[in-house]
Amino acid sequence: MGPLLVVLLTSAAIQDAAPCSMADVVGVWELAAVETDNASTRAVYDQAPHEWIRFGADGATVWLASSQPRTSLDVIEADLDAADRMDGGDWRTRFSAPGRLLLTRDGQVMEIFDCVIARGDEPQARAGDLILTSAPGRTQTRRVQRRVVR
């Protein structure tokens with residue numbers, strides 16, 4: 001089963017969360033839920049509801065979406081490596097301030113997120129989940145990502 005897609009953004013913020021830093025996000029994350037008010041974004045998730053992101057300690061970042069689930073971290077890692085080779089761009093993550101994540105491709109900012117780590121279980125997230133919310137002025141989307149472990 002794919003992640004939960006909620007069509008309308010809720011106004012409820014995660015109550016117990018801390019701003020992300022690079023050390024918090026390093027690793028592989030799987031989409032647990034997404035909320036958006038954008039029809040184009042919804043269409044993408046309708047076609048490819050499974051998503052993984054890998055953040056490297058050096059800022060190297062790769063993002064993969066698929067119509068098919070993956071259950072093994074080894075398979076996810078191999079598919080992320082293949083996607084990275086096919087893309088050819090240099091995707092990087094950096095923080096402009098605590099909790100403000102910038103995703104760049106070849107040095108150009110492509111996405112800006114407010115980034116927090118949930119500290120407690122809530123209806124929208126579990127403790128340890130990564131919550132990426134589009135920065136003000138961007139298409140409003142919130143992704144709840146869950147760390148993939150062996």
Side-chain angles (χ1 to χ4, degrees), residues 1-7 9 14 17-119 121-122 124-135 137-150:
M1 180 158 138
L4 173 65
L5 176 62
V6 178
V7 175
L9 287 173
I14 302 299
C20 297
S21 69
M22 196 65 198
D24 295 318
V25 302
V26 169
V28 177
W29 300 83
E30 181 173 22
L31 186 68
V34 61
E35 300 175 347
T36 186
D37 62 357
N38 182 277
S40 297
T41 303
R42 280 195 307 273
V44 168
Y45 284 105
D46 286 345
Q47 295 297 311
H50 304 281
E51 178 181 271
W52 301 270
I53 305 171
R54 180 175 57 209
F55 297 102
D58 63 353
T61 304
V62 62
W63 204 309
L64 172 67
S66 175
S67 61
Q68 300 298 314
R70 279 126 172 113
T71 57
S72 160
L73 181 57
D74 291 334
V75 170
I76 294 166
E77 290 270 19
D79 288 349
L80 286 165
D81 290 342
D84 194 28
R85 284 190 303 274
M86 285 190 300
D87 176 70
D90 181 29
W91 289 89
R92 298 266 161 197
T93 294
R94 64 184 172 86
F95 285 80
S96 62
R100 180 55 59 100
L101 184 150
L102 306 178
L103 181 63
T104 66
R105 183 175 195 261
D106 300 328
Q108 296 291 333
V109 174
M110 303 301 288
E111 295 285 348
I112 303 171
F113 295 106
D114 291 329
C115 176
V116 298
I117 300 289
R119 293 191 288 205
D121 290 344
E122 299 202 14
Q124 299 112 345
R126 294 183 195 162
D129 283 355
L130 169 67
I131 296 97
L132 298 172
T133 304
S134 301
R138 316 271 301 174
T139 299
Q140 286 303 290
T141 302
R142 179 167 55 184
R143 294 170 176 88
V144 177
Q145 308 281 154
R146 195 154 289 141
R147 191 178 294 278
V148 178
V149 295
R150 293 203 186 278

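The closest side-chain heavy-atom distance from I53 to L130 is not below 4.5 Å. Using a 4.5 Å cut-off on side-chain heavy atoms (C-beta onward), R54 and D81 make contact. Put simply, the side chain of V109 reaches to within 4.5 Å of the side chain of R94, judged on heavy atoms. Looking only at side-chain heavy atoms (C-beta outward), L31 and Y45 come within less than 4.5 Å of each other. Between D114 and R100, the closest side-chain pair of non-hydrogen atoms falls below 4.5 Å. Using a 4.5 Å heavy-atom threshold, the side chains of M22 and L101 count as separate.
A distance of 11.0 Å separates CD1 of I112 from OG1 of T104, quoted to the nearest 0.5 Å. Atom NE2 in H50 sits 11.0 Å away from atom CD1 in I76 (nearest 0.5 Å). A distance of 5.0 Å separates OG1 in T93 from CG in L103, rounded to the nearest 0.5 Å. How far CD of E111 is from CH2 of W63: 6.0 Å, rounded to the nearest 0.5 Å. For the atom pair L80 CG and R70 CZ, the distance stands at 8.5 Å (nearest 0.5 Å). Here the CD1-CZ distance, from I131 to R146, works out to 9.5 Å after rounding to the nearest 0.5 Å.
Partners of W29 by side-chain hydrogen bond (donor to acceptor under 3.5 Å, both in side chains), not counting sequence neighbours: none found. Residues meeting the side chain to side chain contact (heavy atoms under 4.5 Å, CB included) test with D24, sequence neighbours left out: C20, S21, I117. For D84, the side-chain hydrogen bond (donor to acceptor under 3.5 Å, both in side chains) test picks out no residue, with sequence neighbours left out. With sequence neighbours left out, the salt bridge (Lys or Arg N to Asp or Glu O under 4.0 Å) criterion links R126 to no other residue. Residues passing the side chain to side chain contact (heavy atoms under 4.5 Å, CB included) test with S40 are N38, sequence neighbours excluded. With sequence neighbours excluded, no residue forms a side-chain hydrogen bond (donor to acceptor under 3.5 Å, both in side chains) with S96. A search for salt bridge (Lys or Arg N to Asp or Glu O under 4.0 Å) contacts involving R143 returns E51, not counting sequence neighbours. By the side chain to side chain contact (heavy atoms under 4.5 Å, CB included) test, D74 pairs with S72, R150, sequence neighbours left out. Judged as a salt bridge (Lys or Arg N to Asp or Glu O under 4.0 Å), and not counting sequence neighbours, R147 has no contacts. With sequence neighbours excluded, the residues satisfying side chain to side chain contact (heavy atoms under 4.5 Å, CB included) with A127 are D121. With sequence neighbours left out, D106 forms a salt bridge (Lys or Arg N to Asp or Glu O under 4.0 Å) with no residue at all. Under the side-chain hydrogen bond (donor to acceptor under 3.5 Å, both in side chains) criterion, R138 pairs with no residue at all, not counting sequence neighbours.
For the residue pair S67 and P49, the shortest heavy atom distance occurs at CA-CD, 4.0 Å. Nearest approach of Q145 to L132, heavy atoms of both residues: CG-CD1, 4.4 Å. Closest approach of P19 and P98 over heavy atoms only: CB-C, 4.0 Å. Taking both residues in full, the closest heavy atoms of V149 and L73 are given as C-CD2, 4.5 Å, listed atom of the first, atom of the second, then distance. A pairwise comparison of heavy atoms in V28 and E77 identifies CG2-OE2, 3.5 Å as the closest pair.
Remark: side-chain polar atoms of S134 are paired, donor with acceptor, to backbone N or O of T141 under 3.5 angstrom.
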